[in-house]
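Please read the structure below before turning to the comments.
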Amino acid sequence: NSHHQPGLDFMSLVFVYGSLKRGFHNHQWIQGSEFLGTFNTQEFIYTMFSLGSYPGVCEGGDTAVEGELFRCDKDALDNLDDLESNGKYYTRKLVSLSNGVDVWMYVLPPEKNTQSQAGIEVKDNITRWLFQP
């Protein structure tokens, strides 16, 4: 599949946009994981909203999401699924980044949207989380 860069297995690539980023309070969950860079989602179809000390992202919007890409091993991914309550709260979905790589991103259903933009910056239709408790 030419869509995937050689040597990058999407099964282990996790794109984080909130409290899991470097310097934020949940980063220790993926501390041992390799940081691959800061990227944006390819599609401008998302809305980011504040849930207090962390943000959520849902589909249905006109912004791309800025975040950090990490290569996680299976243990780290299992830990993240626990942290994010994958399937019950967040859902881990495959999304494409602007560099053409497919990665995992945790999204919420639109009904969880708080409409709050506290701690969030949108610039050139790219949304990023700034708040650090």
Side-chain angles (χ1 to χ4, degrees):
N1 181 348
S2 61
H3 197 45
H4 294 236
Q5 289 186 353
L8 285 184
D9 173 13
F10 76 84
M11 289 301 295
S12 61
L13 295 176
V14 181
F15 182 66
V16 302
Y17 52 78
S19 65
L20 288 160
K21 293 194 295 186
R22 295 170 307 159
F24 289 76
H25 69 272
N26 272 325
H27 181 68
Q28 75 263 14
W29 286 78
I30 53 171
Q31 209 142 29
S33 301
E34 181 190 357
F35 172 67
L36 298 172
T38 298
F39 297 98
N40 302 324
T41 57
Q42 191 166 51
E43 295 185 295
F44 289 77
I45 58 167
Y46 302 102
T47 298
M48 185 183 288
F49 47 93
S50 172
L51 290 156
S53 63
Y54 62 96
V57 163
C58 65
E59 292 176 349
D62 56 7
T63 63
V65 176
E66 180 190 284
E68 297 181 347
L69 184 62
F70 290 88
R71 188 196 312 271
C72 297
D73 61 18
K74 177 142 183 17
D75 289 346
L77 200 55
D78 288 345
N79 287 340
L80 285 181
D81 281 348
D82 289 345
L83 175 71
E84 309 286 10
S85 302
N86 183 35
K88 293 190 281 293
Y89 187 53
Y90 285 90
T91 301
R92 179 156 55 83
K93 267 194 81 146
L94 217 43
V95 304
S96 293
L97 297 186
S98 49
N99 61 357
V101 176
D102 291 339
V103 299
W104 293 116
M105 181 171 86
Y106 291 91
V107 297
L108 287 171
E111 59 268 20
K112 294 269 198 275
N113 187 349
T114 59
Q115 312 293 326
S116 168
Q117 290 292 297
I120 293 169
E121 174 186 81
V122 178
K123 196 172 166 212
D124 300 325
N125 281 73
I126 294 168
T127 183
R128 73 174 62 82
W129 176 247
L130 301 176
F131 179 67
Q132 286 170 280

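Please read all numbers here as calculations on a predicted model, not as lab measurements. No hydrogens, no waters, no symmetry mates; every other heavy atom, side chains included, goes into these values. When a residue number appears, it is its place in the shown sequence, counting from 1.
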Please lay out, stage by stage, how F24 and W129 fare under the test side chain to side chain contact (heavy atoms under 4.5 Å, CB included).
CA-CA 10 Å; F24 289 76; W129 176 247; 3.6 Å; yes
(request) Report the C-alpha separation of S98 and N40 in whole Å, then their side-chain angles, then the decisive distance to 0.1 Å, and conclude whether the side chain to side chain donor-acceptor pair (under 3.5 Å) test is met. (result) CA-CA 6 Å; S98 49; N40 302 324; 4.9 Å; no
Requested in this report: Show your reasoning for whether side chain to side chain contact (heavy atoms under 4.5 Å, CB included) applies to L13 and L36.
Outcome: CA-CA 9 Å; L13 295 176; L36 298 172; 3.5 Å; yes
#### Entry: S96 and V101: CA distance, side-chain angles, deciding distance, side chain to side chain contact (heavy atoms under 4.5 Å, CB included) verdict
CA-CA 6 Å; S96 293; V101 176; over 6 Å; no
Report all side-chain donor-acceptor pairs from residues 77-86 shorter than 3.5 Å, counting only partners two or more places apart or in another chain.
residue : atom : partner : partner atom : Å
D78     : OD1  : K74     : NZ           : 3.1
D78     : OD2  : K74     : NZ           : 3.0
N79     : ND2  : D75     : O            : 3.4
D81     : OD1  : R92     : NE           : 2.8
D81     : OD1  : Y106    : OH           : 2.7
D81     : OD2  : R92     : NH2          : 2.8
N86     : OD1  : R92     : N            : 2.8

Scan the side chains in residues 108-115 for donor-acceptor partners under 3.5 Å anywhere in the protein, sequence neighbours excluded, and list what turns up.
residue : atom : partner : partner atom : Å
N113    : OD1  : Q115    : N            : 2.7
T114    : OG1  : S50     : O            : 2.7
T114    : OG1  : S116    : N            : 3.2

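Under the salt bridge (charged side-chain N to carboxylate O under 4.0 Å, His left out) criterion, the residue pairs touching residues 44-64 are E59-K93, with sequence neighbours excluded. Sorted by first and then second residue, the ring pair (Phe, Tyr, Trp, His ring centres under 6.0 Å) pairs with a member in residues 33-57 read F35-F70; sequence neighbours excluded.
Put simply, the side chain of H27 does not reach to within 4.5 Å of the side chain of K21, judged on heavy atoms. For the pair E66 and T127, the minimum side-chain heavy-atom distance is 4.5 Å or more. Looking only at side-chain heavy atoms (C-beta outward), L69 and L97 come within less than 4.5 Å of each other. Side-chain atoms of V103 and V95, non-hydrogen and from C-beta on, do get closer than 4.5 Å to each other.
With rounding to the nearest 0.5 Å, the separation of OG1 in T91 from CE in M105 is 11.0 Å. In this structure, the separation between CZ on R71 and OG on S12 is 6.0 Å, given to the nearest 0.5 Å.
Qualifying side-chain hydrogen bond (donor to acceptor under 3.5 Å, both in side chains) partners for S33, counting only residues two or more places apart in sequence or in other chains: none. For E121, the salt bridge (charged side-chain N to carboxylate O under 4.0 Å, His left out) partners at least two apart in sequence or on another chain are R128.
A continuous path of ILVMFWY side-chain contacts below 4.5 Å connects Y17 to L51, so both sit in one hydrophobic cluster. In the hydrophobic clustering of ILVMFWY residues, with side-chain heavy atoms under 4.5 Å counting as a link, V16 and W29 come out together. Residue F15 is not grouped with residue I126 when hydrophobic side chains (ILVMFWY) are merged at heavy-atom distances under 4.5 angstrom, including chains of intermediate members.
Heavy atoms only, all atoms of each residue included: Q117 and V122 are closest at OE1-CG2, 4.2 Å.
One N or O on the side chain of T47 and one on the backbone of G60 form a donor-acceptor pair closer than 3.5 Å. Under a 3.5 Å cut-off, the side chain of T41 and the backbone N or O of V65 do form a donor-acceptor pair.
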